[in-house]
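Chain letters run A, B, ... following the sequence lines, proteins first, then strands; residues in each count from 1.
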Protein chains: 4
Amino acid sequence: MAVQVAVIGSGVEHEGRAEQVGRLLAKRGCTVVTGGRGEVMAAAARGAKAAGGTTIGIVPGDQRGEANEWIDHEIVTGIGHARNLAVVASSDAVIAVGGKWGTLSEIGFASLLGRRVVILEPGLAVEDVPRASTPEEAVELACG
Amino acid sequence: MAVQVAVIGSGVEHEGRAEQVGRLLAKRGCTVVTGGRGEVMAAAARGAKAAGGTTIGIVPGDQRGEANEWIDHEIVTGIGHARNLAVVASSDAVIAVGGKWGTLSEIGFASLLGRRVVILEPGLAVEDVPRASTPEEAVELACG
Amino acid sequence: MAVQVAVIGSGVEHEGRAEQVGRLLAKRGCTVVTGGRGEVMAAAARGAKAAGGTTIGIVPGDQRGEANEWIDHEIVTGIGHARNLAVVASSDAVIAVGGKWGTLSEIGFASLLGRRVVILEPGLAVEDVPRASTPEEAVELACG
Amino acid sequence: MAVQVAVIGSGVEHEGRAEQVGRLLAKRGCTVVTGGRGEVMAAAARGAKAAGGTTIGIVPGDQRGEANEWIDHEIVTGIGHARNLAVVASSDAVIAVGGKWGTLSEIGFASLLGRRVVILEPGLAVEDVPRASTPEEAVELACG
């Protein structure tokens with residue numbers, strides 16, 4: 001089974017970095033896992049597909065078709081924001097790009113479960129979580 | 001995105017039929033979704049892989065590595081039996097092979113969400129759910 | 001801690017029986033647990049309050065104020081239909097009054113978790129689940 | 001229905017403050033909601049009961065009897081750490097006392113859902129969340 005890495009976050013101003021993270025993860029052969037919706041989630045999946053990678057989108061609703069168009073495998077959880085737990089639990093490592101409260105819940109869960117977490121600058125301020133200056137460094141820290 | 005079909009159920013005596021269902025779904029190009037664990041879940045995934053298909057396992061625990069060896073993409077939900085909702089919600093159709101109480105919860109959820117459900121004989125007695133005599137017929141009813 | 005008994009189901013034609021079940025449970029000192037919304041859920045809570053009992057409503061949404069007016073303690077799960085698991089898991093016994101697919105998922109989960117389940121006539125057809133002819137008998141079977 | 005306030009956190013060194021918070025909430029007539037287990041969760045419930053209050057414990061497992069002895073109403077979710085969402089969603093306001101990664105996930109969810117959140121000093125460093133120096137101030141900020 002391929003290594004699975006989650007890209008979490010939000011904010012249109014972070015889409016460029018998220019797309020680059022997705023691309024780099026795909027080049028390494030990692031499957032990109034996201035929450036399946038827009039902004040950072042869509043950008044990471046778009047980047048991964050552009051590099052020939054595989055993408056999984058774990059969405060909050062209970063109907064098919066909620067995931068963005070760059071998702072290969074849509075996981076429909078039906079559990080709303082609690083799907084944030086599934087996004088990070090399904091991943092061997094997690095890279096946060098931008099984001100706000102939902103992203104904070106995911107960083108909490110990922111750390112609680114012992115997953116490797118990296119925050120890409122500029123990003124949320126969370127104590128005891130490693131930070132990376134560039135997408136390359138983020139991917140290196142997450143997968144290295 | 002490929003059509004996703006869940007194979008649900010349990011019981012070692014049903015593994016042969018489940019493997020055949022998995023094989024037939026893969027031949028049609030459907031991705032096989034299961035709860036990722038043993039017996040019927042493992043047999044369906046094994047059949048799908050034997051036919052060159054793709055498999056998703058949605059497991060109840062919160063650590064990686066719980067899925068059986070025929071799973072390509074492991075979704076780690078961390079929500080215990082509530083993952084039964086995600087298994088059927090993630091699928092366009094659901095085929096029940098054997099099974100007991102957990103399967104009953106999945107048939108309930110799948111029907112509630114409007115997914116097509118087929119019970120393969122011999123199987124659970126549930127009113128208002130179509131039944132199939134053979135794996136071929138089950139796959140035809142689910143995907144047709 | 002008081003014994004907690006879930007009343008599950010739906011259907012306006014079953015409200016009278018549900019209200020009577022709620023009343024009888026409260027008279028025995030049991031806390032009535034429901035999914036917190038309308039029809040059978042509201043009727044059971046109304047009956048319990050009329051008899052001076054305590055009620056818990058476990059609702060699917062993620063905002064406060066979704067529960068019916070007879071609920072003392074609103075549990076806001078945010079997990080949609082997956083809250084059906086919490087309704088029955090929180091209960092020492094479960095009484096089904098009417099109902100359809102959601103109720104079937106709850107009967108499945110309750111039985112899977114080893115909770116005592118009783119179906120009040122007329123009710124869903126589910127193999128291996130005890131049935132009661134009257135609210136009195138249902139409460140006796142659930143709590144006895 | 002009474003106002004429901006969650007006390008979240010962990011750490012034996014924070015139990016005194018948590019007990020005081022529970023006591024003050026109960027004196028105001030608020031129901032105290034917690035994750036139902038030990039340390040801060042148990043202390044807050046103990047304080048509430050000492051002041052004649054009502055307590056709800058929302059536990060992660062799927063069997064009855066996991067809650068600490070100061071819990072009046074045990075909600076058994078069966079969804080593991082995802083129950084953190086239910087703890088804060090069920091509350092009109094949230095007070096964090098100590099805590100680590102699980103608490104961070106709860107602060108994230110509570111803020112995401114628009115609940116009032118207060119961090120009692122000394123506590124987690126989270127941007128844009130109000131802080132209180134004393135239990136009295138925390139309760140005032142949460143309930144005021």
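Counting only residues at least two apart or in different chains, ring pair (Phe, Tyr, Trp, His ring centres under 6.0 Å) contacts with residues 111-140 of chain B are absent.
At least one side-chain heavy atom of B:I58 sits under 4.5 Å from a side-chain heavy atom of B:T77. Under the 4.5 Å side-chain criterion, counting only non-hydrogen atoms from C-beta, B:N68 is not in contact with B:R46. For the pair C:C143 and C:V5, the minimum side-chain heavy-atom distance is below 4.5 Å. Under the 4.5 Å side-chain criterion, counting only non-hydrogen atoms from C-beta, B:P60 is not in contact with B:I79.
Within the model, atoms CG of C:D72 and OG1 of C:T54 stand 5.5 Å from one another, a figure rounded to the nearest 0.5 Å.
Listed for the C:E137 side chain is a donor-acceptor partner under 3.5 Å among the backbone atoms of C:S133. Using a distance-only test at 3.5 Å, with no hydrogens or angles considered, a donor-acceptor pair links the side chain of C:E74 to the main chain of C:G65.
Contact residues of residues 11-41 of chain C toward chain B are absent (heavy-atom distance under 4.5 Å). For residues 108-131 of chain C, a heavy-atom distance under 4.5 Å to chain B picks out C:G108, C:F109, C:S111, C:L112, C:L113, C:A125, C:V126, C:E127, C:D128, C:V129, given by residue number. At a heavy-atom cut-off of under 4.5 Å, chain C is reached by B:H81, B:A82, B:N84, B:L85, B:K100, B:W101, B:G102, B:L104 from residues 80-104 of chain B, listed in order of number.
Nearest heavy-atom pair across B:A132 and B:L141 is CB-CD1, 4.0 Å.
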CA sep, side-chain torsions, deciding dist, call: C:K49, C:T55, side chain to side chain contact (heavy atoms under 4.5 Å, CB included): CA-CA 7 Å; C:K49 292 313 294 176; C:T55 57; 3.9 Å; yes
